Amino acid sequence: MLEGSFLSHLVELRTRIIRALGGLMLGFIPCAFYARELYTLLAQPLLEKLPQGGQMIATDVATPFFVPMKVAMMMAFVITLPHTLYQIWAFVAPGLYSHEKRLALPLVFGSSFLFFCGMAFAYFAALPLVFEFITYFAPEGVAVMTDIGKYLSFVLSMFMAFGVTFEVPVFVIVLVRTGVITIEKLKEIRPYVIVGAFVIAAIFTPPDVISQFMLAVPLCLLYELGILIATFMTKERDKETQSDPSTHLEKDSLEQKDTPTKTD
């Protein structure tokens, strides 16, 4: 019986993975058709800051083909992310309790939205300032010509840094709801979080003060936002417990039903 259940879970997992990859490939086809335009759009923050006569270059033979294709795949992943998240949700939802479902689904889509906000903030606010700073300090007589492959790696690292930074409220909420840390403790370690934010910004951003502040300050503000949301959710949970304590005994009762009784 246990073996059959395990095999059924494997079959379900395989089905969900195939559907997620199928959706990704369907999204990649139109993106690949406009791969050059997508890369031009991605490179716009740098192209606008290059001095007159500056341009981007490709140092490897296959780079002009593979780099736009990577951008197309990245765009396809972003477009099909809701479908991918649905497949993940459809796989794990049957094993969750009702109160866990109420928490997990908003967190999944909320974290995706915040990650996109972090990428947008990096693209529209951080990258233009970073490239303006870099090109301004270029020595006289030095032609600024960035390799398209290295530019893509740099932009992706910035997207990842800002995207993860914008996930801070989700991390705070999960830590509080799971009982790992209390809200009072989060407020107590606030000075250490501020110092850590600037250390992280110094590691993952270029060596200029502007980009470091643009990563560290949102991290600190989002940390405070996470504390506020976690405080509100905790108060709401306490009100529900006082009004109807049986709603939070669901998990314990289900676990007792699933536990086999010992017979003589």
Side-chain angles (χ1 to χ4, degrees), residues 81-82 84-86 88-122 125-126 157-205 211-259:
L81 185 59
T84 303
L85 291 175
Y86 173 76
I88 297 174
W89 171 253
F91 177 74
V92 302
L96 299 177
Y97 297 103
S98 59
H99 65 280
E100 293 174 334
K101 292 180 181 179
R102 290 195 298 268
L103 176 64
L105 192 58
L107 286 180
V108 168
F109 287 97
S111 61
S112 302
F113 174 75
L114 289 174
F115 193 87
F116 293 154
C117 289
M119 293 178 61
F121 183 81
S157 64
M158 292 288 288
F159 281 167
M160 186 62 64
F162 279 88
V164 173
T165 296
F166 274 62
E167 297 291 330
V168 169
V170 176
F171 296 149
V172 172
I173 293 171
V174 171
L175 290 176
V176 173
R177 289 300 299 265
T178 55
V180 175
I181 193 171
T182 62
I183 296 176
E184 291 73 18
K185 189 65 176 179
L186 290 172
K187 295 179 180 179
E188 181 182 339
I189 64 174
R190 182 182 287 123
Y192 302 99
V193 173
I194 295 174
V195 174
F198 282 91
V199 172
I200 294 173
I203 295 174
F204 291 100
T205 59
S211 60
Q212 292 176 10
F213 267 87
M214 294 192 70
L215 181 62
V217 173
L219 197 156
C220 297
L221 294 177
L222 291 167
Y223 180 78
E224 297 296 330
L225 178 62
I227 293 177
L228 291 176
I229 296 176
T231 303
F232 174 77
M233 295 178 66
T234 302
K235 290 181 179 179
E236 290 295 321
R237 183 181 60 183
D238 293 340
K239 290 180 181 178
E240 291 179 3
T241 303
Q242 293 175 359
S243 61
D244 189 6
S246 62
T247 58
H248 293 277
L249 296 177
E250 177 186 2
K251 183 175 181 179
D252 294 335
S253 61
L254 288 174
E255 287 179 349
Q256 291 177 0
K257 289 181 182 180
D258 293 337
T259 304

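All values reported here derive from a predicted model rather than from experimental measurement. Heavy atoms only: backbone and side chains are in, while hydrogens, waters and symmetry mates are out.
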Ser112 to Glu167 - nearest heavy-atom pair and separation: N-OE2, 4.5 Å
For a 4.5 angstrom cut-off between non-hydrogen side-chain atoms, does Ile181 reach Ile189? yes
On a heavy-atom basis, the closest approach of Val164 and Phe171 is O-CE1, 4.2 Å
Does Glu188 pair with Lys185 as a salt bridge, N-O distance under 4.0 Å? yes
Test Phe115 against Ser111 for side chain to side chain contact (heavy atoms under 4.5 Å, CB included), laying out the working first. CA-CA 6 Å; Phe115 193 87; Ser111 61; over 6 Å; no
Could you state the interatomic distance from CD1 (Ile229) to OG1 (Thr234), rounded to the nearest 0.5 Å? 11.5 Å
Report the relative orientation of the aromatic rings in Phe121 and Phe162; use parallel for angles under 30°, tilted for 30 to 60°, perpendicular for over 60°. tilted
More than 12 foreign heavy atoms under 6.0 Å from OH of Tyr86: is that the case here? no
Worked verdict on Phe204 versus Thr165 for side chain to side chain contact (heavy atoms under 4.5 Å, CB included): CA-CA 11 Å; Phe204 291 100; Thr165 296; over 6 Å; no
How far does CG of Leu219 sit from CG of Leu215, to the nearest 0.5 angstrom? 6.5 Å
Measure the spacing between CG of Leu186 and CD of Glu224 and express it to the nearest 0.5 Å. 9.5 Å
Heavy-atom nearest pair, Ala216 first then Ala197, reads CB-O, 3.8 Å
Look up atom CG in Leu228 and atom CD1 in Ile173, then write down how far apart they are to the nearest 0.5 Å. 10.0 Å
Would the number of heavy atoms belonging to other residues, nucleotides or ligands and lying under 6.0 Å from CZ of Phe198 be above 12? yes
CD1-CZ distance between Ile227 and Arg190, expressed to the nearest 0.5 angstrom: 5.0 Å
Keeping the roles fixed (side chain from Tyr223, backbone from Ile194), state whether a donor-acceptor pair exists under 3.5 Å. no
In terms of heavy-atom contacts, Met158 and Ala122 come closest through O-CB, 4.3 Å
